[in-house]
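So the structure is just underneath, and the comments pick up after that.
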Amino acid sequence: MRILVLHGPNLNLFGRREPHIYGTTTLAEIDAMLAGLARELGVELATIQSNHEGALIDFLHENIDSAQGAIVNPAGLTQHGVPLHDAIKAMPFPTLEIHLSNIAARESWRTHSIISPAVRGTIQGLGPNSYLLGLRGVVAMAKAATA
């Protein structure tokens with residue numbers, strides 16, 4: 001089973017950018033945690049981080065026939081990423097939206113996600129555990145879909 005992990009704009013700055021909101025865990029550390037959990041779950045991960053929406057969309061398109069699920073942290077595309085929303089909706093596999101912070105408790109303009117209607121669910125506010133729970137969730141959904 002192959003699961004995609006998409007990290008959106010500025011997430012390469014995890015650990016440095018606003019640590020009072022996002023914590024001090026780096027993106028490399030999150031990816032290492034995900035890789036360890038993927039080994040435990042017996043799944044393969046394909047991961048991308050990009051500051052460009054088109055690269056994330058291209059990654060989804062390139063993997064449309066080889067992946068069984070995805071977790072996506074759209075970051076700044078959460079509120080305005082219409083093309084990313086449309087690409088997620090076109091995927092034949094379950095996708096979860098992930099956020100380290102609780103976007104519902106942040107600035108009012110952050111509370112609305114244009115991505116949420118395109119995904120099966122959202123996990124937010126749990127720091128790096130949001131990613132780990134998201135991976136467990138999407139693997140369970142993908143397994144259920146093939147059962």
Checklist line | Close side-chain approach of E40 and R136, heavy atoms under 4.5 Å | finding: yes
Item checked: Atom pair CD1 (I48) and CG (L4), whose distance is rounded to the nearest 0.5 Å -> 9.5 Å
Item checked: Test item: side-chain donor near acceptor, N51 and Q49, under 3.5 Å -> yes
Margin query: Side-chain heavy atoms nearer than 4.5 Å, only ILVMFWY residues, links allowed to pass through others: does that put V82 and L84 together?
Written below: yes
Note to self: Between R39 and E44, is the salt bridge (charged side-chain N to carboxylate O under 4.0 Å, His left out) condition met? List the steps.
What the structure shows: CA-CA 8 Å; R39 281 190 299 278; E44 173 192 349; over 6 Å; no
Checklist line | Which atom of L37 lies closest to which atom of L132, heavy atoms considered | finding: CD2-O, 3.5 Å
Next item on the list: Test E97 against S113 for side chain to side chain donor-acceptor pair (under 3.5 Å), laying out the working first.
Entry: CA-CA 10 Å; E97 178 182 2; S113 169; 2.9 Å; yes
Item checked: Within-4.5 Å side-chain heavy-atom neighbours: L34 and I71 -> yes
Notebook entry, point to check: Taking all atoms of both residues into account, what is the closest heavy-atom pair of P74 and T78, and its distance?
Noted result: CG-OG1, 3.2 Å
Item checked: Donor-acceptor side-chain pairing of R17 and N10 below 3.5 angstrom -> no
Notebook entry, point to check: Which atom names give the shortest non-hydrogen contact between V138 and G69, and what distance separates them?
Noted result: CG2-CA, 4.0 Å
Item checked: Shortest non-hydrogen contact from E53 toward G81 -> OE2-CA, 3.3 Å
Note to self: I need the single residue from T25, I123, I30, L126 that forms a side chain to side chain contact (heavy atoms under 4.5 Å, CB included) with L100. Which is it?
What the structure shows: I30
Check: So do E29 and P128 actually touch side chain to side chain, heavy atoms under 4.5 Å?
Finding: no
Next item on the list: Kindly determine whether M91 and L60 satisfy side chain to side chain contact (heavy atoms under 4.5 Å, CB included), including the steps that lead there.
Entry: CA-CA 8 Å; M91 295 301 110; L60 285 170; 4.0 Å; yes
Notebook entry, point to check: Would I88 and I115 count as a side chain to side chain contact (heavy atoms under 4.5 Å, CB included) if you check the C-alpha gap in whole Å, the side-chain angles of each, and the deciding distance to 0.1 Å?
Noted result: CA-CA 8 Å; I88 291 168; I115 302 300; 3.9 Å; yes
Check: Taking C-beta and beyond as the side chain, do L56 and L77 meet within less than 4.5 Å on heavy atoms?
Finding: yes
Note to self: For H7 and Y131, which I'm curious about, is there any donor-acceptor pair between the side chains at under 3.5 Å?
What the structure shows: yes
Notebook entry, point to check: Nearest 0.5 Å, what's the CG-CD1 distance between L41 and I3?
Noted result: 9.0 Å
Check: Would you say M141 and L6 are hydrophobically clustered, going by side-chain heavy atoms of ILVMFWY under 4.5 Å?
Finding: no
Next item on the list: Provide the closest heavy-atom pair for L11 versus L27 in the form atom of the first, atom of the second, distance.
Entry: O-CB, 3.6 Å
Check: Linking I/L/V/M/F/W/Y whenever any side-chain heavy atoms sit under 4.5 Å apart, do V119 and I98 land together?
Finding: no
Notebook entry, point to check: Should the heavy atoms of other residues, nucleotides or ligands under 6.0 Å from NE2 of H61 be counted, would the total exceed 12?
Noted result: yes
Checklist line | Side chains of Q124 and S130, donor plus acceptor under 3.5 Å | finding: no
Next item on the list: Would you check, one step at a time, whether the test side chain to side chain contact (heavy atoms under 4.5 Å, CB included) holds for H80 with I114?
Entry: CA-CA 6 Å; H80 305 288; I114 197 168; 5.8 Å; no
Margin query: Under 4.5 Å between side-chain heavy atoms, counting indirect links through other Ile/Leu/Val/Met/Phe/Trp/Tyr residues: same cluster for V43 and F93 or not?
Written below: no
Next item on the list: Might you point out which heavy atoms bring L45 and V5 nearest each other, and give the distance in Å?
Entry: CD2-CG2, 4.1 Å
Note to self: Apply side chain to side chain contact (heavy atoms under 4.5 Å, CB included) to residues H99 and N73 and explain how you reach the verdict.
What the structure shows: CA-CA 6 Å; H99 297 281; N73 185 338; 3.7 Å; yes
